Protein chains: 2
Amino acid sequence: MSDHVAKATLYDALTQAAKALSNGRRAELVDVLAQGERPVEELADEIGQTIANTSQHLQRLLRSGLVKTRRDGTRIYYSLSSPVVHALWRTMRQTAEEHVAGLQQLANDYLGDRSKLRTITRDALQARLSDGDVVVLDVRPEPEYTAGHIRGAITIPISDLKSRLGEIPAGAEVVAYCRGPYCVYADDAVRLMTRNGLDAARLEDGFPEWVAARLPIEGRTP
Amino acid sequence: MSDHVAKATLYDALTQAAKALSNGRRAELVDVLAQGERPVEELADEIGQTIANTSQHLQRLLRSGLVKTRRDGTRIYYSLSSPVVHALWRTMRQTAEEHVAGLQQLANDYLGDRSKLRTITRDALQARLSDGDVVVLDVRPEPEYTAGHIRGAITIPISDLKSRLGEIPAGAEVVAYCRGPYCVYADDAVRLMTRNGLDAARLEDGFPEWVAARLPIEGRTP
DNA sequence: AACCAATTCAATGGTTTTCTTGAATAGGAC
DNA sequence: GTCCTATTCAAGAAAACCATTGAATTGGTT
């Protein structure tokens, strides 16, 4: 093999990870998988695609090594191969935020106006956790809470929140969190709780970042 | 716009940076541009493509915001928009190294056997720089040396090295460096010098990593 | 103005991606 | 074994991507 061809082949291989993440649907999948393992059908539902199509995207991720699978009876659970994959996704996001034209507008279109939402940083939340005067509320779908959550958090998925507001301990401030900076669940939760007279704020970014910062968690996530 | 469409559009936009880097030729371009700005014709030569094709790849990078241009007379110089772009390229590379099957084999095919090359870490080199008993040799093409190089390094492009071996100060150990871990120039230089009785080693990775580590440089790079 | 050099543009054809649809497979329950 | 469920496979069409070719632009030089 000529040097020229060998070089081209090597650089083609070096871009495989980028190719795997260069599709919006696969990016959504990685965003969900960063919360923990999930079976194909649930993933298809999360990204709003057919099962066949989702399966093909997942196999693309599998071929490039970014995810792995585990069979349990008739179900096949997908999960990220390692924290490096989530780090790549975060770096990619950051690069897009800084350099891709029009991204801010698209983010606003999807996320809505966040200027009126009170947010709290990871460090601030951790500091207040030890004081115990704050309720941490996980509003992600139940399987993601089960797979792992912030230590001491309670779970009320956003879809149930309206009818289960009464379960939230009264008196303390509520901090809601979800999947990350581009997830709207916590936004919706804070708006709903505020309208109902609760003192609510949103944790900046989400659970995977909490894990990456090595802050205390509990649940199945190792 | 429905929420569903807005979300898909946002995630599509978030993958733009990955899409831009998801092609081997564009990855090679970023690797070269990480050394400093270069005009189109030289870039085409570096990646072994036609000028028209190189121009189109560069404009793809430009549209996604990863590079910027500067006109000087009849030439147009391309450069990376910010250090974030190089960080993305490094993270991408690292992810591929850890997860893409067969990458090690392809790297060996192109880089050859490195086991007999002595290498020195960045920190070790910096420590010895103050002692002054080491010659740092930049074997990249001249324009890249001019754009910026390790403080105190001398330049002999790999293409000229054989006929200019006499210029290397005798007596001291020589440390050669080039573009990064996937660049063969320093490898070739160390082999050539060793065959000629010089005491030579290769700096692990290359100039962009030296810059990223905020070690001393000189030349035009800010 | 005429010419030249560097770069971009536009059109073409071949390849790869992506989604859809419907059939095939593999493990579990009866 | 037969049925059921979760997932994968296979085939096809529309769109995007990529290298090639030759023409068009833009700024500089004579």
Side-chain angles (χ1 to χ4, degrees), chain A residues 4-5 7-9 11-30 32-33 37-64 66-79 143, chain B residues 4-5 7-9 11-30 32-33 37-64 66-79 143:
Chain A
H4 188 248
V5 175
K7 183 178 183 189
T9 310
Y11 275 79
D12 284 345
L14 284 170
T15 62
Q16 284 310 304
K19 273 203 170 70
L21 266 175
S22 71
N23 172 276
R25 253 34 64 213
R26 288 196 292 273
E28 289 187 55
L29 284 172
V30 169
V32 176
L33 289 174
E37 62 167 21
R38 297 291 285 281
V40 179
E41 190 171 13
E42 289 182 15
L43 289 168
D45 195 53
E46 287 287 353
I47 69 170
Q49 300 286 313
T50 64
I51 292 181
N53 193 19
T54 304
S55 172
Q56 306 201 92
H57 279 306
L58 286 168
Q59 281 169 79
R60 184 83 142 74
L61 289 171
L62 192 60
R63 273 198 307 277
S64 43
L66 300 198
V67 306
K68 58 189 200 295
T69 61
R70 173 178 78 83
R71 174 156 225 145
D72 180 19
T74 171
R75 289 224 171 95
I76 293 181
Y77 287 84
Y78 280 81
S79 56
Chain B
H4 189 249
V5 176
K7 183 179 183 189
T9 310
Y11 275 78
D12 284 345
L14 283 171
T15 62
Q16 284 309 305
K19 274 203 170 73
L21 267 176
S22 72
N23 172 277
R25 253 34 63 213
R26 288 197 292 272
E28 290 188 55
L29 285 172
V30 169
V32 175
L33 289 174
E37 61 168 20
R38 296 293 285 280
V40 179
E41 191 171 12
E42 291 181 12
L43 290 168
D45 195 53
E46 289 286 353
I47 69 170
Q49 298 287 313
T50 64
I51 292 181
N53 192 20
T54 304
S55 173
Q56 306 203 94
H57 279 307
L58 286 168
Q59 280 170 81
R60 185 82 143 72
L61 290 170
L62 191 61
R63 275 200 305 277
S64 43
L66 301 198
V67 305
K68 58 188 199 295
T69 60
R70 172 179 79 83
R71 174 156 225 147
D72 179 19
T74 170
R75 290 223 172 96
I76 294 182
Y77 287 84
Y78 280 81
S79 56

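What you see is a predicted model, and the numbers here were worked out from it, not measured in a lab. Every chain is numbered from 1 and lettered A, B, ... according to where its sequence line falls, protein lines coming before strand lines.
When each of A/T74 and B/P39 is assigned the nucleotide of DNA chain C bearing its nearest heavy atom, the one mapping closer to the 5' terminus is B/P39.
OP1 or OP2 of D/dT8 has at least one side-chain nitrogen or oxygen of A/S55 nearer than 4.0 Å. Regarding contacts with the backbone of D/dA6, every side-chain N or O of A/Y78 stays at 4.0 angstrom or more from both OP1 and OP2. Contact annotation: A/R60 reaches the phosphate of C/dT17 (side-chain N/O to OP1 or OP2, under 4.0 Å). Dashed line: the shortest gap from a side-chain N or O of B/R75 to OP1 or OP2 of D/dT26 is not under 4.0 Å. For the OP1/OP2 pair of C/dT17 and a distance below 4.0 Å, the side-chain nitrogens and oxygens of A/R26 include no atom meeting the criterion.
Side chains of A/S79 and A/R70 form no contact here, defined as non-hydrogen atoms less than 4.5 Å apart. Between A/T15 and B/N23 the shortest side-chain heavy-atom distance does not fall below 4.5 Å. Side-chain contact between B/Q59 and B/Y78: present, with at least one pair of heavy atoms (C-beta onward) separated by less than 4.5 Å. Looking at heavy atoms from C-beta onward, B/E28 lies out of side-chain contact with B/Q49 at the 4.5 angstrom threshold. Residues B/L43 and B/L33 form a side-chain contact, since some pair of their non-hydrogen atoms from C-beta on lies under 4.5 Å apart.
The CZ atom of A/R71 sits 9 Å away from the P atom of C/dA26 (whole-angstrom rounding). Per the geometry, CD1 belonging to B/I76 stands 8 Å off C1' belonging to C/dT8, to the nearest Å. We find that NE2 of A/H57 is positioned 15 Å from C1' of D/dT8, with the value rounded to whole Å. Rounded to an integer number of Å, the gap from NZ of B/K19 to P of D/dC18 is 11 Å. In this structure, B/N23 places its CG atom 17 Å from P of C/dT15, rounding to the nearest Å. Between the C1' atom of C/dA6 and the CZ atom of B/R70 lies a distance of 15 Å, rounded to the nearest Å. As rounded to whole Å, 15 Å separates atom P of D/dT25 from atom CD of B/Q59. The distance from atom CG of A/L61 to atom C1' of D/dT8 is 16 Å, rounded to the nearest whole Å.
Nucleic acid contact for A/Y77: none, since no nucleic acid atom lies under 4.0 Å from a heavy atom of the residue.
Near DNA chain C, meaning a heavy atom under 4.0 Å away, the residues from residues 45-53 of chain A are A/T50, A/A52, A/N53.
Put simply, the side chain of A/Q56 and the base of D/dT7 share no donor and acceptor less than 3.5 Å apart.
Between the A/R26 side chain and the A/K19 main chain, a donor and an acceptor come within less than 3.5 Å of each other.
Nearest heavy-atom pair, B/G73 versus B/R71, reported as atom, atom and distance to 0.1 Å: O-NE, 3.2 Å.
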